[in-house]
Amino acid sequence: MPQKKPVVAVVGATGAVGREMLATLYSRKFPAAQVIPFASSRSAGSKVPFGDTELTVRELKEDVFEGIDLAIFSAGGSTSEKFAPHAAAAGCVVVDNSSAWRMDDRCPLVVPEVNPHALEKHNGIIANPNCSTIQMVVALKPLHDAAAITRVVVSTYQAVSGTGKKGLDELERQVRQLFNGQDPEIKVYPYQIAFNCLPHIDVFLDNDYTKEEMKMVNETVKIMEDPGIKVTATCVRVPVFYGHSESVNIETKRKLTAKEARAILAQAPGVQVLDNPKEKIYPLAIDAAGEDLTFVGRIREDESIANGLNLWVVADNIRKGAALNAVQIAEELLKRDLLRVPDKGLFLKK
Ligand code: NAP
Ligand code: 3JN
């Protein structure tokens, strides 16, 4: 029997991710009966683009979810923590972009190319991983299946769009000020981001790693469903507007040659291999911006160990790293007929 089209809420619709979410729902022709944008009281009544029309933003409140089948949240962790349980209690399935629910055992953490089966046991709230994790696991899963990854060492080069509109504004303003001979104003990052690299994303934790780095460590193990994979990360903010790049070093149980890895990745879902060093072909953030795929290049054997590979992995952090992955989860829920909440009170009991 054909399912009825869902009513979809986009929570955080005025933000960098929320706007991309609306654009992605529209461009992928997500079969929604209605799309309703929500934000805080600050933006209630304002308009957001949806295809060639505009939608009026409503204020998010606990009781707005009656009659909504699916809510995609990108309004920060505290908003998700407070409102997602109320959505689930109203029978509305949540796909959440924040870190609030990612490591909660009741919530699957899903990248559709990697672990779509995890959706089968969802309880009403599904977590979308961190952008840096998503693009890395899209590239690593096929290599893990072929040769069993035991260790990952990753360094990221993350665009300012990861900080939302205020990050984009900060880089643009500082570049303009420097070219005009003025001191750059520092409002968003701890130091000047223009013409600089900051090894500091999110807050520092007791182990001297940042929270962003530990997200990559913990989320990778949960998504790959293998605690045998040891991960260590250094996350760096760079003066790029869109597109996160990553240098990824892996160690595997079985030997994979660079040629084999290239062939495996060429067949992998969501991946495009761009790897011809002699022709100066490798992934670049400016080319990945606006694209859906995860690009992999600079594939080469790590000559310092028996079974190791180096990769350069690039994706649009706002698309595959956030909005697109969330919409792909929603599409997978529809395909599997999983748009229902089994125990509506579960998350209110917390
Ligand atoms: P942004 O541009 O600052 O947008 C924030 C959005 O949240 C705005 O729409 C804002 O609405 C809304 N909002 C804030 N407080 C709210 C509240 N109390 N009730 C309802 N709406 C509220 O940020 P962004 O870059 O889009 O990121 C938003 C969130 O998405 C982040 O905090 C993060 O949790 C998540 N994110 C995830 C990834 C990822 O790696 N998957 C990447 C980037 C972001 P107003 O217009 O009313 O202020
Ligand atoms: O900085 C980036 O490049 C990605 C940022 C993601 C982010 C920003 C603010 C809060 C997150 C996230 O998705 O992990 C969060 C959060 O919800 O913790």
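Counting starts at 1 for both ligands and their atoms, in listed order.
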Query raised in the report: When K47 is tested against each of T53, T56, T14 for side chain to side chain donor-acceptor pair (under 3.5 Å), which residue passes?
Result: T56
Query raised in the report: Among H244, E113, Q135, whose side chain to side chain donor-acceptor pair (under 3.5 Å) with K320 holds?
Result: E113
**Report entry** Pairing residues for K215 by the salt bridge (charged side-chain N to carboxylate O under 4.0 Å, His left out) criterion, not counting sequence neighbours
**Finding:** D202, E212
Does ligand 1 come near enough to [X] that some N or O of the ligand is less than 3.5 Å from an N or O of the residue?
| X | answer |
| --- | --- |
| N317 | no |
| G77 | no |
| G162 | no |
| I134 | no |
| P129 | yes |
| C131 | yes |

Query raised in the report: Less than 4.0 Å between atom 9 (C) of ligand 2 and some protein heavy atom, yes or no?
Result: no
Could you tell me the residue and atom name of the protein heavy atom closest to [atom], and the distance to it rounded to 0.1 Å?
| atom | answer |
| --- | --- |
| atom 21 (N) of ligand 1 | S40 N, 3.3 Å |
| atom 17 (O) of ligand 2 | S99 N, 2.9 Å |
| atom 11 (O) of ligand 1 | T14 OG1, 3.2 Å |
| atom 6 (C) of ligand 2 | N130 ND2, 3.9 Å |
| atom 35 (C) of ligand 1 | N97 O, 3.7 Å |
| atom 5 (C) of ligand 2 | G162 O, 3.3 Å |
| atom 2 (O) of ligand 1 | A16 N, 3.0 Å |
| atom 14 (C) of ligand 1 | R42 NH2, 3.6 Å |
| atom 18 (N) of ligand 1 | T79 OG1, 3.6 Å |
| atom 11 (C) of ligand 2 | K215 NZ, 3.6 Å |
| atom 7 (O) of ligand 1 | A75 CA, 3.2 Å |
| atom 23 (O) of ligand 1 | G164 CA, 4.3 Å |

Can an N or O of [X] be found at a distance shorter than 3.5 Å from an N or O of ligand 2?
| X | value |
| --- | --- |
| R102 | yes |
| K211 | no |
| S98 | no |

Ligand-residue contact atoms, ligand 1 with [X], heavy atoms, under 4.0 Å:
| X | answer |
| --- | --- |
| S98 | 34 (O) |
| A13 | 9 (O) |
| G76 | 29 (C), 32 (O), 34 (O) |
| S43 | 45 (P), 46 (O), 47 (O) |
| G321 | 39 (C), 40 (O), 41 (N) |
| K165 | 2 (O) |
| G15 | 1 (P), 2 (O), 4 (O), 8 (C), 9 (O), 26 (O) |
| L60 | 19 (N), 20 (C) |

Query raised in the report: Under 4.5 Å between any side-chain heavy atoms of K166 and K187, yes or no?
Result: no
Which of the atoms in ligand 2, numbered in the order shown and given with their element, are less than 4.0 Å from a heavy-atom of [X]?
| X | result |
| --- | --- |
| N97 | 13 (O) |
| I201 | 1 (O) |
| C131 | 3 (O), 4 (C) |

Report task. Mind telling me whether F38 and F65 have parallel, tilted or perpendicular rings, with 30° and 60° as the class edges? Result -> tilted
Query raised in the report: Side chains of Q174 and E170: is there a donor and an acceptor less than 3.5 Å apart?
Result: yes
Query - R319 and E291 ion-paired at < 4.0 Å - result: no
Query raised in the report: Who pairs with N310 by side-chain hydrogen bond (donor to acceptor under 3.5 Å, both in side chains), at least two apart in sequence or on another chain?
Result: N249
Report task. Taking all heavy atoms of L293 and all of V271, pick out the closest pair and write down the distance. Result -> CD2-N, 4.2 Å
Requested in this report: Kindly give the heavy-atom pair with the smallest separation between A100 and S80, and that separation in Å.
Outcome: CB-CB, 4.1 Å
Report summary line: From the list N325, L324, V327, side-chain contact (heavy atoms from CB on, under 4.5 Å) partner of P112 resolves to N325
Query raised in the report: Considering only heavy atoms, which of A39, S74, S78 lies nearest to atom 6 (C) of ligand 1?
Result: S74
Report task. Please work out which of R237, H244, E212, Q158 has its closest non-hydrogen atom nearest to atom 1 (O) of ligand 2. Result -> R237
Query - Donor-acceptor pair, side chain of R237 and main chain of A159, under 3.5 angstrom - result: yes
Query raised in the report: Do side-chain atoms of T210 reach the backbone of E213 as a donor and acceptor pair under 3.5 angstrom?
Result: yes
Part of [X] within contact of ligand 1 (heavy atoms, under 4.0 Å):
| X | answer |
| --- | --- |
| A44 | neither |
| V17 | both |
| S80 | neither |

Query - Atom pair CZ/CD1 of R19 and I318 - distance to nearest 0.5 Å - result: 12.5 Å
Report task. Apply the test salt bridge (Lys or Arg N to Asp or Glu O under 4.0 Å) to residues K335 and E332: give CA-CA distance (whole Å), side-chain angles for both, the deciding distance (0.1 Å), then the verdict. Result -> CA-CA 5 Å; K335 193 171 100 188; E332 198 67 36; 3.5 Å; yes
